[in-house]
Trainee: 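Following this message is one structure expressed as structure tokens.
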Amino acid sequence: MSASRHSGYVPQDIEPKWQKVWTDRGVMRADDNSSKPKFYDLVMYPYPSGDLTVGHARNYVMGDVLARMKRMQGFEVLHPFGWDAFGLPAENAAMKRGGIHPETWTIENIAKAKRELKMLGILYDWDREVTSCMPDYYRWTEWLFLLFYERGLAYRAMAPVNWCPVDKTVLANEQVINGRCWRHLDVEVEKRDLEQWFFKITDYADRLLDDLELLDKWPHKVRLMQTNWIGRSQGAEVEFPIVGLAGGESLRIYTTRPDTLFGATFMVLAPEHPLVERITTDKYRAKVREYVAKARKASDIDRLSTEREKSGVPTGAFALNPVNGEKIPIWVADYVLMTYGTGAIMAVPAHDERDFEFAERFGLPIREVIAPPTGSQRELRAAYVGPGVMVNSGEFDGLDSVAGTERVIAALEAKGQGKRAVKYRLRDWLISRQRYWGSPIPIVHCEVDGLVPVPMEQLPVLLPKEYKPLSENPDFWRTTCPKCGREARRETDTMDTFIDSSWYFLRYASPHDTTQPFDSELANHWMPVDQYTGGVEHAILHLLYSRFFVKVLHDAGMLEASEPFVRLFNQGMVKRFGQVMSKSAGNGVSPDELVDKQGADAGRIYEMFIGPPEEDVEWTDAGLNGVVRFLQRVWRLVLEPDSIVVEGGGADVVILNRKAAQTVKKVTEHYDELRFNTAVAALMELANTMQSHLQNGGARDADWNSAVRILVKLLNPLAPHMCEEMWERLGERSMLADSTWPEYDAAAAAEPEVTLVVQVAGKVRDRLTVPVGTSEEKALEVAMASDRVRAAFDGRKPSKVVYVPDRLINLVP
RNA sequence: GCGACCGUGGCGGAACUGGUAGACGCGCAGGACUUAGGAUCCUGUGGGGCAACCCGUGGGGGUUCGAGUCCCUCCGGUCGCACCA
């Protein structure tokens, strides 16, 4: 191989050697009893799909680089790994490859991926490996379910739910994307009325929202997405008495715009609203029933489309506006959703786009009650939704709409006609799945005792070996009631796999505990996760659920932390030929291929140098070559400096020292900020400086040796095999992995002279070298002495001088 | 439609709180060493001009001594939400 011809660097010879040493010595083993400060470095555990490419490996390399630096900096690093091993692909693969059991398929994939991770030199504390499909893990997933159940956070309810016809299971709201299944974006979900298990995440809506404030090291975007998903809105519930209904019953609506109450010209009920049947008059009954039936049948995709023209029918019933006693018609229309607010609205067409469209379509009156700052419009062409001054609103006329909102709410509350209310877009988390390959829900259905939790000491409820739906496996579901001993039936749904992943990061603290899901003391020691890295596709799903879990466990007194992840980072994806790299797409580069050709170290650096870590990047072989060249150059500089031809004299050792010191600062900061691409660039600059040093006849003295060691140490997190090998060949006794991170020497890094930019009227006219700390007077003097400045001023004095010390002087004529 | 982020050489990308635009790498051109080189090393490389100089960070405008960076507006792209009252 050509790499070996001009340098002794042959990655294939040294990489397996060091991987073995690291493993044998347990380099990345985390000590629970260490006195060092802890650092919990975590990458989202993957689904073992059997498809590991260098694309997926990129974020594992990021985690590894950080872990290796933090260790050298004196932290006790927890860098664990595990597998999100329950889930549908295993079942699908099992079906496709006739007869193979999901467990077999999963275990095989795990073994393969694990080997490839090791081959890339990525170090984990494998003693803490967690696999969510193993009984010693899902036992505690079940346990946690029961904890939620005890705390009133798990309940069963009949509800219209999302059903994926391909996966043949229900889905959580978070798993439905534009009315389609998150796993098959071409498959529309269906609505089914089913009795299902839910977790009461809505109880935590306020805290999940408010605590986002604490997550200042999360990407702004993710926080915003969660904010929108939770969707808290403030407004009022208002009672509209229904005309002629026995008992003086009223219609409760929710609005965020109480200030527009006088502009309500009709009411709208969702087709599913329970009052529809009762208030509809005989004359309209047939039409209303027909409309409701049609709406129920329509898919969410159709119903929620904003493009579709609004539809609806009148009920023949009327309501009274509580503030002015006006009698207004009640309609049924499917643009109002039963699942939000109260399932009924007051329609204010003048100030709501949807109501406006509906009113236009059906010729309903439109009354302006908020005058825009630009003045009232004679004829409303569109709804005005902004703030303004209240008009046509009786006693409230003339009030600013923002203040008016408060006044109207107060007036309603005083008369018992309404009250302040807060609503959320967030719904409870539907957690049951009609699948085999997941954690069983540890509940028994007893005819006498109803829902009975399986006693905790009887956990786990084991999955039967035989692969078929649990509901079709009587050996599984036939049981006796733990309470009364009568024959009973086990719950046959399994849990959403997002439950498994909502607590795995806690299990790493005490992975072998056989008495509890996690040891609180150890979890409190390691938590929260200091750095969490993973794909942005989990911005809501996994990250919201995990936050919810941690808050519940906190409330249960099991955990001090109330947020799981201090700093979150979303890495970009690796593409090749314009597509996301994957084995199935046929554009994947496997770790095997990469290690075989260029070696793990070159691959690791390339993954980091290829582009900003948060951006999607394109994998090219040419780019990889540049990195290989860099590593060979480093090898020669460190171990074969005699091979570098001296071309001239006059090397300045001070420059070498300074560059090395500056690089320590730069690279350390860049690693900390996960800006690996610029860290590599800084290391390349140092290597270039060192190369020039030798070419200029510079000595290989103590300063040189110091620079060499700095280079090797700083490069180590990126290219650990090669650096460890160089370290050994340099004659160092201890392992590089166990050595310390270079200290930043500010004095050595300081530049004695700086380039002072001389501008005339903001345009660069000259660059002068001056000592650091040059005074304004002195700077002005040398600047005015410059030929090019003199030409511009021709003896006159500048009318203004802007001086930025050690940077620039700007002379304005 | 609403919201967020982003537009920098032939390419990937640098540029801290406004202060030398283009670090580092790829590619390309010329050269050195070579039987040879797709190895290695050197030099050059935003555009225009022989030149001092002029023009340049999506377009236009503004603030400022000074704008890739701040403000307004338009164009283009990516992502999120999408009848949530």
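Below, chains carry the letters A, B, ... as their sequence lines are ordered, and counting in each starts from 1.
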Trainee: It should be established whether R675(A) places a side-chain nitrogen or oxygen under 4.0 Å from OP1 or OP2 of nucleotide A14(B).
Mentor: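 For R675(A), the contact criterion (side-chain N or O under 4.0 Å from OP1 or OP2 of A14(B)) is not met.
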Trainee: Looking at every strand, decide which applies to R765(A) at a 4.0 Å heavy-atom threshold: base, sugar-phosphate, or nothing.
Mentor: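 Counting heavy atoms under 4.0 Å across all strands, the contact made by R765(A) is with sugar-phosphate only.
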Trainee: Using only heavy-atom distances, determine whether the side chains of D621(A) and Y606(A) contain a donor-acceptor pair under 3.5 Å.
Mentor: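 Y606(A) and D621(A) do not have a side-chain donor-acceptor pair below 3.5 Å.
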Trainee: Does the side chain of N625(A) get closer than 4.0 angstrom to OP1 or OP2 of G25(B) through an N or O atom?
Mentor: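 False: N625(A) side-chain N/O out of range (4.0 Å or more) of G25(B) OP1/OP2.
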Trainee: Give a yes/no answer on whether the side chain of Q695(A) brings an N or O atom under 4.0 Å of OP1 or OP2 in C42(B).
Mentor: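 Yes, within the criterion.
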Trainee: Are N688(A) and R633(A) linked by a side-chain donor-acceptor pair shorter than 3.5 Å?
Mentor: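 Result is yes, a qualifying pair exists.
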Trainee: As a test of understanding, state which of V754(A), V757(A), T755(A), V758(A) forms a side-chain contact (heavy atoms from CB on, under 4.5 Å) with L808(A).
Mentor: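 The residue from V754(A), V757(A), T755(A), V758(A) that satisfies side-chain contact (heavy atoms from CB on, under 4.5 Å) with L808(A) turns out to be V757(A).
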Trainee: Just how far, in rounded Å, is P of G12(B) from CE of M573(A)?
Mentor: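 The answer, rounded to whole Å, is 18 Å.
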Trainee: OP1, OP2 of A4(B) versus side-chain N and O of R223(A): anything below 4.0 Å?
Mentor: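 Answer is no, no contact under 4.0 Å.
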Trainee: Please measure how far the P atom in G80(B) lies from the corresponding atom in G61(B), and state the result in whole Å.
Mentor: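 Approximately 36 Å lies between the P atom of G80(B) and that of G61(B).
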Trainee: Using atom C1' in both nucleotides, what's the gap between C6(B) and U57(B) to the nearest angstrom?
Mentor: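 Looking at atom C1' only, C6(B) and U57(B) are 13 Å apart.
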Trainee: May I ask you to say what G626(A) touches in the nucleic acid, namely base, sugar-phosphate or nothing, with a heavy-atom cut-off under 4.0 Å?
Mentor: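 Sugar-phosphate, no base atom in range.
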Trainee: Write down the distance separating the P atoms in U69(B) and U20(B), rounded off to the nearest Å.
Mentor: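 Looking at atom P only, U69(B) and U20(B) are 13 Å apart.
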Trainee: Looking at residues 658-674 of chain A, who's got a heavy atom less than 4.0 Å off RNA chain B?
Mentor: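 Within residues 658-674 of chain A, no residue comes under 4.0 Å of RNA chain B.
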Trainee: Using OP1 and OP2 only, check whether a side-chain N or O of Y340(A) sits under 4.0 Å from A85(B).
Mentor: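 The answer is yes; a side-chain N or O of Y340(A) sits under 4.0 Å from OP1 or OP2.
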Trainee: Please tell me which of K423(A) and M225(A) maps to the more 5' nucleotide of RNA chain B, matching each residue to the nucleotide holding its nearest heavy atom.
Mentor: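 That would be M225(A).
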Trainee: Using a heavy-atom cut-off of 4.0 Å across all strands, would you classify N810(A) as base, sugar-phosphate, or nothing?
Mentor: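 It contacts base atoms.
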Trainee: Under 30°, 30 to 60°, or over 60°: which ring-plane class applies to Y384(A) and H351(A), parallel, tilted or perpendicular?
Mentor: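 Rings of Y384(A) and H351(A): perpendicular, as their planes differ by over 60°.
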Trainee: Is a side-chain donor or acceptor of Q662(A) paired with a backbone partner of A749(A) at a separation under 3.5 angstrom?
Mentor: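 Yes; at least one donor-acceptor contact below 3.5 Å.
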Trainee: Between atom CZ in R807(A) and atom P in U17(B), what is the gap in whole Å?
Mentor: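 Between P of U17(B) and CZ of R807(A): 12 Å.
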Trainee: If you look at every strand shown and take non-hydrogen atoms under 4.0 Å, does L811(A) touch a base, only sugar-phosphate, or nothing?
Mentor: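 Here L811(A) touches no strand at all.
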Trainee: Please give, in whole Å, the distance from G10(B) P to E618(A) CD?
Mentor: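 Computing the E618(A):CD to G10(B):P distance gives 20 Å.
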Trainee: Measure from the side-chain heavy atoms of N688(A) and tell me the nearest of C24(B), G80(B), A82(B).
Mentor: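 Looking only at heavy atoms from C-beta outward on N688(A), the closest nucleotide is C24(B).
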Trainee: Is the backbone N or O of R788(A) less than 3.5 Å from a side-chain atom of D766(A), with the two atoms forming a donor-acceptor pair by type?
Mentor: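 Judged by distance alone, no pair lies under 3.5 Å.
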Trainee: Please confirm whether the shortest side-chain N or O distance from R629(A) to OP1 or OP2 of C26(B) is below 4.0 Å.
Mentor: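 For C26(B), OP1/OP2 do have a side-chain N/O of R629(A) under 4.0 Å.
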Trainee: Give R788(A) one of three labels, base, sugar-phosphate or nothing, depending on what nucleic acid heavy atoms sit under 4.0 Å from its own.
Mentor: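 Sugar-phosphate only.
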Trainee: Is there a side-chain contact between N677(A) and the phosphate of A14(B), meaning an N or O under 4.0 Å from OP1 or OP2?
Mentor: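 Answer is yes, contact under 4.0 Å.
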Trainee: For the side chain of Y291(A) and the backbone of S311(A), is there at least one donor-acceptor N/O pair under 3.5 Å apart?
Mentor: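 Yes; at least one donor-acceptor contact below 3.5 Å.
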Trainee: Taking only Lys NZ, Arg NE, NH1 and NH2, and the carboxylate oxygens of Asp or Glu, determine whether K575(A) and E618(A) approach each other closer than 4.0 Å.
Mentor: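 No salt bridge links K575(A) with E618(A).
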Trainee: For nucleotides U17(B) and C28(B), find the distance between their C1' atoms and express it as a whole number of Å.
Mentor: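 Between the two C1' atoms, the distance is 38 Å.
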Trainee: Considering only the P atoms, how many Å lie between C65(B) and C74(B), rounded to the nearest integer?
Mentor: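 Per the computed distance, 28 Å lies between those P atoms.
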Trainee: When we call it a touch if two heavy atoms are under 4.0 Å apart, what does L224(A) touch: a base, just sugar-phosphate, or nothing?
Mentor: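 L224(A): backbone/sugar contact only, no base atoms under 4.0 Å.
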Trainee: Would you please indicate if the ring centroids of F358(A) and F266(A) are separated by under 6.0 Å?
Mentor: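 They qualify: ring centres under 6.0 Å apart.
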Trainee: Separation of E237(A) atom CD from A85(B) atom C1', in whole Å?
Mentor: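 Going from CD in E237(A) over to C1' in A85(B) covers 12 Å.
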Trainee: Rounded to whole Å, how long is the line connecting atom CD1 of I610(A) with atom P of C11(B)?
Mentor: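 Computing the I610(A):CD1 to C11(B):P distance gives 17 Å.
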Trainee: On the 0 to 90° scale, with breaks at 30° and 60°, tag the F676(A)-Y671(A) ring pair as parallel, tilted or perpendicular.
Mentor: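 It falls in the tilted class, 30° to 60°.
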Trainee: Parallel, tilted or perpendicular: which describes the rings of W429(A) and Y545(A), with under 30° parallel and over 60° perpendicular?
Mentor: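 Because their plane-to-plane angle is under 30°, the rings of W429(A) and Y545(A) count as parallel.
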Trainee: Pick the P atom in G12(B) and in C83(B), then give their distance to the nearest Å.
Mentor: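 Result for the P pair: 37 Å, nearest Å.
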Trainee: Regarding T339(A) and R427(A), is there a side-chain donor-to-acceptor distance under 3.5 Å anywhere?
Mentor: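 Side-chain D/A pair, T339(A) to R427(A): present.
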Trainee: How is Q759(A) classified with respect to the nucleic acid when contacts are heavy atoms under 4.0 Å: base, sugar-phosphate, or nothing?
Mentor: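 Q759(A): base contact, heavy atoms under 4.0 Å.
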Trainee: Has the side chain of K310(A) got a donor or acceptor atom sitting under 3.5 Å from an opposite partner on the base of C83(B)?
Mentor: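 Answer yes: a donor N or O sits under 3.5 Å from an acceptor.
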Trainee: Compare side-chain N and O positions of K800(A) against OP1 and OP2 of C65(B) and report whether any pair is under 4.0 Å apart.
Mentor: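 Answer is yes, contact under 4.0 Å.
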Trainee: Would you indicate, yes or no, if G12(B) has its OP1 or OP2 atom less than 4.0 angstrom from a side-chain nitrogen or oxygen of T620(A)?
Mentor: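 For G12(B), OP1/OP2 do not have a side-chain N/O of T620(A) under 4.0 Å.
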Trainee: Which value, in whole Å, describes the distance between the P atoms of nucleotides C70(B) and A4(B)?
Mentor: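 About 15 Å, rounded to a whole number of Å.
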Trainee: A67(B) phosphate, OP1 or OP2: any side-chain N/O from K763(A) under 4.0 angstrom?
Mentor: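 False: K763(A) side-chain N/O out of range (4.0 Å or more) of A67(B) OP1/OP2.
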Trainee: Round to the nearest Å and state the distance from Y606(A) atom OH to C26(B) atom C1'.
Mentor: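 My rounded result for the distance is 9 Å.
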Trainee: Please pick, from C41(B), G25(B), U20(B), the nucleotide with the shortest atom-to-atom distance to any side-chain atom of V757(A).
Mentor: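 For V757(A), the side-chain atoms sit closest to U20(B).
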Trainee: Is the shortest side-chain N/O distance from R767(A) to OP1 or OP2 of G19(B) below 4.0 Å?
Mentor: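 No, outside the criterion.
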Trainee: Which nucleotide, A85(B), U20(B), C41(B), lies nearest any side-chain atom of R633(A)?
Mentor: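 Of all the options, the side chain of R633(A) is nearest to C41(B).
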Trainee: Quantified in whole Å, what is the C1' atom distance between nucleotide U45(B) and nucleotide C11(B)?
Mentor: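 Nearest-Å result for U45(B) against C11(B) at atom C1': 14 Å.
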Trainee: Kindly express the pairing pattern of RNA chain B in dot-bracket notation, using | wherever a base pairs with another strand and counting only Watson-Crick or G-U pairs under 3.5 Å.
Mentor: (((((((..(((......[....)))((((((.......))))))(((....)))..(((((..]....))))))))))))....
Trainee: Closer to the 5' end of RNA chain B via nearest nucleotide, is it H220(A) or I540(A)?
Mentor: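 Going by which nucleotide is closer to the 5' end, it is H220(A).
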Trainee: Mind checking if D355(A) touches a base, just sugar-phosphate, or nothing, with heavy atoms under 4.0 Å?
Mentor: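 Counting heavy atoms under 4.0 Å across all strands, no contact is made by D355(A).
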Trainee: What does V812(A) touch in the nucleic acid at a heavy-atom separation under 4.0 angstrom: a base, only the sugar-phosphate, or nothing?
Mentor: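 It contacts sugar-phosphate atoms only.
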Trainee: Could you check whether V336(A) gets within reach of a base, just the sugar-phosphate, or nothing at all, counting any heavy atom under 4.0 Å?
Mentor: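 Base contact.
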Trainee: So W635(A) and Y9(A), would you call those rings parallel, tilted or perpendicular, with 30° and 60° as cut-offs?
Mentor: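 Tilted: the ring planes of W635(A) and Y9(A) meet at 30° to 60°.
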Trainee: Expressed as a whole number of angstroms, how long is the span from M346(A):CE to A85(B):P?
Mentor: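 One finds 12 Å between P of A85(B) and CE of M346(A), rounded.
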Trainee: Using salt bridge (Lys or Arg N to Asp or Glu O under 4.0 Å), reason through E357(A) and R361(A) one step at a time and then give a plain yes or no.
Mentor: CA-CA 6 Å; E357(A) 190 191 330; R361(A) 172 109 207 272; over 6 Å; no
Trainee: Pick one for G46(B): is it syn, with its angle within 90° of 0, or anti?
Mentor: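 Anti for G46(B); the angle lies over 90° from 0.
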Trainee: It should be established whether R425(A) places a side-chain nitrogen or oxygen under 4.0 Å from OP1 or OP2 of nucleotide C81(B).
Mentor: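 R425(A) to C81(B) OP1/OP2: no side-chain N or O under 4.0 Å.
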